[in-house]
Amino acid sequence: MSRYEFNSELKLIHKAKRGDIKAFSELYAQLYQELYKFALYTMKHSQDAEDVVSETVIAAYENIKKLKKEESFRSWIFTILTNKCKKKWKKVSKESSEREEEFPEQSTLPDYDLAIDVRKAFFVLSEEEQILVGLSVFGGYCSQEIGEMMKLNPNTVRSKRSRALRKMECVLDGYREHMMR
């Protein structure tokens with residue numbers, strides 16, 4: 001994101017905090033694809049992804065006046081999205097396990113199991129780690145851009161992202177070992 005785009009975004013955030021609906025709509029339009037990509041990867045179903053993005057935008061709109069640092073808007077809204085995804089994922093998982101109890105003869109596909117394992121590994125991460133991985137892997141942001149959004153040194157972003165990915169790998173290895181037994 002260029003300095004001009006960042007300053008333009010800050011102006012929109014400032015206006016949105018003062019109640020300007022049009023400014024908030026512009027912010028939403030700028031971020032929708034990134035939010036949706038993150039949600040779709042996390043939820044694996046387009047309808048669930050759309051639901052959590054909608055819930056995120058509503059929560060962000062209702063609470064934008066509480067945003068302390070306008071420069072942190074992106075990480076703030078991704079934190080909201082992460083929490084909405086967790087909540088929705090727990091609900092979907094619970095409903096899925098209830099269905100499996102009702103229809104035990106139905107088996108799940110291995111790819112579906114792997115997707116569930118990756119999601120579980122993702123949710124083992126702290127919020128900050130989820131945002132770092134999400135912005136990097138799903139959003140395509142580089143360390144410099146993530147650092148600017150989250151007020152972190154790019155080297156810190158790289159090391160935290162690396163640790164988060166290793167943590168996910170350890171969790172996935174644990175699932176694989178468990179499945180092999």
Side-chain angles (χ1 to χ4, degrees), residues 1 5-98 115-116 118-143 145-152 156-157 160-161 164-165 167-168 171:
M1 175 181 291
E5 291 171 324
F6 184 70
N7 287 335
S8 175
E9 187 174 279
L10 284 177
K11 289 177 185 174
L12 288 173
I13 295 165
H14 185 69
K15 287 180 182 180
K17 282 182 73 173
R18 291 190 317 226
D20 186 330
I21 296 171
K22 186 176 177 186
F24 188 85
S25 295
E26 286 182 49
L27 284 170
Y28 171 65
Q30 290 175 6
L31 282 172
Y32 175 77
Q33 280 189 318
E34 296 167 47
L35 295 169
Y36 182 74
K37 279 184 205 175
F38 182 93
L40 184 59
Y41 178 80
T42 305
M43 302 308 300
K44 291 292 186 215
H45 291 94
S46 60
Q47 187 62 47
D48 290 338
E50 289 171 11
D51 289 348
V52 294
V53 170
S54 294
E55 292 170 16
T56 297
V57 171
I58 290 168
Y61 179 73
E62 291 173 346
N63 294 293
I64 194 160
K65 291 179 182 177
K66 297 176 185 175
L67 176 64
K68 291 180 174 89
K69 294 181 182 177
E70 294 171 0
E71 306 83 35
S72 301
F73 176 76
R74 284 178 179 256
S75 65
W76 175 75
I77 199 164
F78 270 92
T79 300
I80 295 170
L81 179 60
T82 300
N83 291 332
K84 296 293 180 183
C85 286
K86 282 181 186 178
K87 186 176 180 180
K88 181 80 170 184
W89 174 241
K90 286 178 185 175
K91 180 180 176 186
V92 168
S93 293
K94 183 179 178 187
E95 290 171 359
S96 176
S97 65
E98 287 172 359
I116 289 172
V118 170
R119 266 189 252 163
K120 286 179 181 177
F122 183 73
F123 288 131
V124 164
L125 303 176
S126 70
E127 278 185 29
E128 181 183 52
E129 290 170 331
Q130 288 177 4
I131 292 168
L132 284 168
V133 170
L135 290 173
S136 174
V137 176
F138 316 128
Y141 287 102
C142 69
S143 300
E145 294 168 320
I146 295 170
E148 289 172 8
M149 283 186 251
M150 298 183 71
K151 302 296 177 222
L152 295 171
T156 304
V157 169
K160 286 184 175 204
R161 179 183 55 220
L165 291 173
K167 190 188 291 185
M168 285 182 69
V171 170

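Note that these values count all heavy atoms, side chains included, but never hydrogens, waters or copies made by symmetry.
Here CD1 of I13 is found 12.5 Å from CZ of R18. Values are rounded to the nearest 0.5 Å. In this structure, CG in L40 is found 9.0 Å from CD in E50, a value given to the nearest 0.5 Å. For the atom pair CG (D51) and OG1 (T56), the distance works out to 10.5 Å, reported to the nearest 0.5 Å. If you take SG on C142 and CD on E148, they are separated by 7.5 Å, rounding to the nearest 0.5 Å. The distance from atom OH of Y61 to atom CD1 of I80, rounded to the nearest 0.5 Å, is 14.0 Å. One finds the CE atom of M150 at 5.0 Å from the CD1 atom of I131 (value rounded to the nearest 0.5 Å).
Within the structure, the salt bridge (charged side-chain N to carboxylate O under 4.0 Å, His left out) test picks out the following pairs touching residues 19-42 (sequence neighbours left out): E34-R74. For residues 56-65, no pair satisfies salt bridge (charged side-chain N to carboxylate O under 4.0 Å, His left out), with sequence neighbours left out.
Counting only distance, with no hydrogens or angles, the side chain of S136 and the backbone of V133 share no donor-acceptor pair below 3.5 Å. Of the possible donor and acceptor atoms, none in the side chain of T156 sits under 3.5 Å from a partner among the backbone N and O of L152. Side-chain atoms of K17 come within 3.5 Å of backbone atoms of L67 as a donor-acceptor pair (strictly under, hydrogens ignored). The main-chain N or O of L125 is found under 3.5 Å from a side-chain atom of Q130 such that the two form a donor-acceptor pair.
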### Message
Determine whether V137 and Y41 satisfy the following criterion, side chain to side chain contact (heavy atoms under 4.5 Å, CB included), listing intermediate values before the conclusion.
### Response
CA-CA 10 Å; V137 176; Y41 178 80; 5.9 Å; no

### Verdict with reasoning, K167 to V124, per side chain to side chain contact (heavy atoms under 4.5 Å, CB included)
CA-CA 8 Å; K167 190 188 291 185; V124 164; 4.1 Å; yes

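Remark: aromatic rings of F122 and F38 are close, center separation under 6.0 Å. The aromatic ring centroids of Y28 and Y32 lie less than 6.0 Å from each other.
Side-chain contact between S75 and K151 is absent, with no heavy atoms from C-beta onward closer than 4.5 Å. Within the 4.5 Å cutoff, no side-chain heavy atoms of F24 are placed close to those of L12. Counting heavy atoms from C-beta outward, M43 and C85 have side chains that approach closer than 4.5 Å. Residues F123 and T42 form a side-chain contact, since some pair of their non-hydrogen atoms from C-beta on lies under 4.5 Å apart. The side-chain heavy atoms of E71 and L10, taken from C-beta on, include a pair separated by under 4.5 Å. Within the 4.5 Å cutoff, side-chain heavy atoms of E127 are placed close to those of N83. Under the 4.5 Å side-chain criterion, counting only non-hydrogen atoms from C-beta, W76 is in contact with N63. No side-chain heavy atom of E9 sits under 4.5 Å from any side-chain heavy atom of E70.
Minimum heavy-atom separation, I146 to L132: CG2-CD2, 3.4 Å. Here the closest non-hydrogen pair linking A16 and A23 is N-CB, 3.9 Å. Closest of all the heavy-atom pairs between I77 and A60 is CD1-CB, 3.9 Å.
A salt bridge does not link K160 with E129: every distance from a Lys NZ or Arg NE/NH1/NH2 to an Asp or Glu carboxylate oxygen is 4.0 Å or more.
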